[in-house]
Every structure is written in structure tokens, then in C-alpha cells.
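Quick notes on the structure that follows.
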Amino acid sequence: MRLIDLELDLDVFAGPFDLLLTLILREEVDLLEVDLADIVITYIDHLERRGELDLEAATEFLVLIAALLELKSRLMLPHAELDDMELDPGEAAEELLARLLDAHRYRGVATYLAERLAAESGHRFRSAPLPASVRRASLDEASAVYDPTMLAAAIGGLLRMPEPVDVRHISVPRVNVAERLAHLRALLRRGSFSFEDAVERADRVTVAVTLFALLELYKQGELTWTQAEPFAEIQIAARAPANQPEQMSA
């Protein structure tokens with residue numbers, strides 16, 4: 001919880017906590033009339049209602065309350081003893097302001113360092129020196145981690161060409177326009193037929209080539225087709241002679 005969200009309802013002041021601090025520093029509110037215990041109780045009530053504790057906000061609150069208690073204790077002492085104190089009330093107020101500014105700077109630096117640490121989370125550098133036992137090692141004391149023959153075999157395996165992949169089990173459709181033209185002409189000699197009959201149990205490539213062959217035969221005037229309505233079955237028949245009326249619809 002931010003301190004600006006802490007609403008106070010005291011005998012001498014009602015409003016946010018940060019405004020009360022400002023008025024105290026400007027000496028517009030007498031600190032002797034402010035009950036600091038009520039501020040602490042209000043803060044605890046806020047924490048209980050929220051059900052969570054923000055350590056940074058709690059630390060800031062404790063620092064401010066401690067500074068206010070110190071300043072109020074100086075003001076409550078008899079004036080005769082003020083000469084023996086290190087700071088008078090005015091200087092204590094300035095010290096409180098300086099502490100607030102320092103706390104603000106420390107929070108800013110902590111936020112900056114946390115962001116830098118998160119940005120460099122994938123990199124960690126060794127700052128400690130190497131152990132003395134590994135700083136200097138002679139070649140005689142060094143031992144191989146792997147057997148040289150195993151290392152040579154692994155490198156030799158990288159140099160060998162892999163065996164070709166056998167793709168004989170993969171069926172590749174092979175069809176051409178000439179075959180589909182012959183297929184359509186054979187169907188025409190038997191009579192009319194549907195496009196579904198022409199491409200029965202055919203793959204997608206064969207269907208596409210059959211459609212191209214169908215258009216080629218129509219262009220040459222060997223066949224025509226009819227379709228009762230959109231998306232209905234296409235009926236294909238031989239083209240009527242030139243002296244007979246031709247019926248075609250799409």
C-alpha cells in the first residue's frame with residue numbers, strides 16, 4: 001500500500017498521510033497535537049483489510065513514524081534542556097525532510113538495480129578467483145576426459161555420408177492430360193455420364209487434370225455438359241451435330 005493511500009481521521013487533521021507530513025514540515029500543523037499512535041493503528045487496520053503486506057511501503061512507513069517520534073520527543077522536552085540537545089526543533093524538521101529525500105533516492109536505486117538484475121537474469125559471471133589447485137596445472141598432471149579412440153570414432157562418424165532415404169513406399173500420383181482425354185472419350189462412346197463417374201476413386205491431382213481435359217474437349221467441340229442448379233451434379237454428353245440445336249446450361 002502506498003502511503004498516499006493511507007487516509008487519516010485525527011482530531012487535528014483528516015486526509016492522506018503524505019499531506020500531513022507536508023503540513024508538519026511547513027509548521028502548519030503542530031506535531032505536539034498529532035496522536036502518532038492513532039496513525040499506527042490506522043495503518044495496521046489498512047493492512048488487515050487488504051490482507052497483504054508490502055515490505056517497501058511498510059519500511060517507508062516505519063522510517064517516517066520513527067522520525068516523527070524523534071522530532072516530537074524533542075519538542076516535548078523542557079525548553080531549558082534544548083541547549084544540551086544536538087538539534088533544535090527547526091533543524092530536526094530539516095533532518096526529517098533530508099531523511100525522506102534519502103529514502104526516496106534509495107527506493108529509486110533499488111528499483112533500478114532490480115530492473116538491471118531482471119534484465120541480466122540469463123547471465124551470471126564468476127567474480128571469485130579460481131581455486132589454487134587449478135590455477136597452474138602441468139601437462140603431466142592433466143588427464144583425458146574421454147578415450148582418444150572414442151573421440152576419433154565420433155569425429156569419423158561425422159565424416160561418413162548417411163545412407164539415402166528409401167521413399168519407395170511413398171506413392172506419387174502420375175497422370176497426364178492425354179490419359180484423361182482418352183478416359184473421357186471412352187466414357188463418351190458409352191453415352192452420357194456424370195463428372196463424378198469420370199473421377200471416381202481419383203486423387204486430387206487426377207481430378208484437376210480431368211477437369212482440364214474436360215475443358216479441352218469442350219473447346220474442340222467433342223462434348224458439352226448440363227447442370228440443373230449450382231452445386232448440382234454435372235452431366236456430360238457428346239456434342240450434338242451442327243445441324244441439331246445444342247442444349248447447354250451452367
Side-chain angles (χ1 to χ4, degrees), residues 1-137 141-142 145:
M1 180 186 66
R2 299 178 306 171
L3 296 183
I4 192 175
D5 298 329
L6 181 61
E7 291 290 334
L8 303 176
D9 188 7
L10 308 176
D11 294 336
V12 297
F13 174 80
F17 180 48
D18 60 339
L19 178 59
L20 176 61
L21 292 175
T22 303
L23 296 178
I24 292 176
L25 293 175
R26 294 178 179 177
E27 298 183 355
E28 297 180 12
V29 173
D30 189 358
L31 181 58
L32 294 176
E33 299 179 1
V34 178
D35 192 344
L36 299 180
D38 289 343
I39 299 178
V40 176
I41 294 174
T42 302
Y43 181 72
I44 294 176
D45 292 340
H46 271 278
L47 294 180
E48 292 179 352
R49 285 194 296 269
R50 293 174 59 89
E52 60 181 354
L53 176 62
D54 187 347
L55 294 180
E56 293 185 3
T59 302
E60 180 182 4
F61 178 79
L62 292 176
V63 171
L64 295 177
I65 285 296
L68 290 175
L69 285 173
E70 180 182 358
L71 179 59
K72 186 173 182 178
S73 64
R74 295 177 184 274
L75 296 175
M76 294 176 65
L77 292 176
H79 294 287
E81 300 181 7
L82 289 179
D83 297 337
D84 299 333
M85 297 176 57
E86 297 179 358
L87 298 176
D88 58 21
E91 294 176 344
E94 294 178 359
E95 182 181 358
L96 173 60
L97 179 59
R99 292 182 183 180
L100 294 178
L101 295 176
D102 289 340
H104 178 72
R105 295 190 188 98
Y106 293 150
R107 287 196 303 272
V109 172
T111 302
Y112 172 77
L113 293 178
E115 293 175 353
R116 288 294 303 273
L117 181 61
E120 301 293 336
S121 59
H123 304 82
R124 292 292 183 269
F125 302 97
R126 179 182 177 90
S127 58
L130 292 174
S133 58
V134 296
R135 291 180 186 175
R136 292 183 180 179
E141 297 175 354
V145 179

Inset, instruction - Evaluate the side-chain proximity of Ile39 to Leu20: yes if any heavy-atom separation is below 4.5 Å, no if none is. - result: yes

Inset, instruction - Report the distance from atom CG of Leu10 to atom OG1 of Thr42, rounding to the nearest 0.5 Å. - result: 6.5 Å

Inset, instruction - Please round to the nearest 0.5 Å and tell me the distance separating atom NZ of Lys72 and atom CG of Asp35. - result: 6.0 Å

Legend entry - Rounded distance [0.5 Å steps], CG in Leu23 versus CG in Leu31: 12.0 Å

Legend entry - Neighbour count above 12 (heavy atom, 6.0 Å) for Arg49 CZ: yes

Legend entry - Leu64 CG to Leu36 CG distance, which is reported to the nearest 0.5 Å: 11.5 Å

Legend entry - Distance in Å, Leu62 CG paired with Tyr43 OH, rounded so as to fall on 0.5 Å steps: 7.0 Å

Legend entry - Euclidean distance, Leu113 CG relative to Arg116 CZ, rounded to 0.5 Å: 8.5 Å

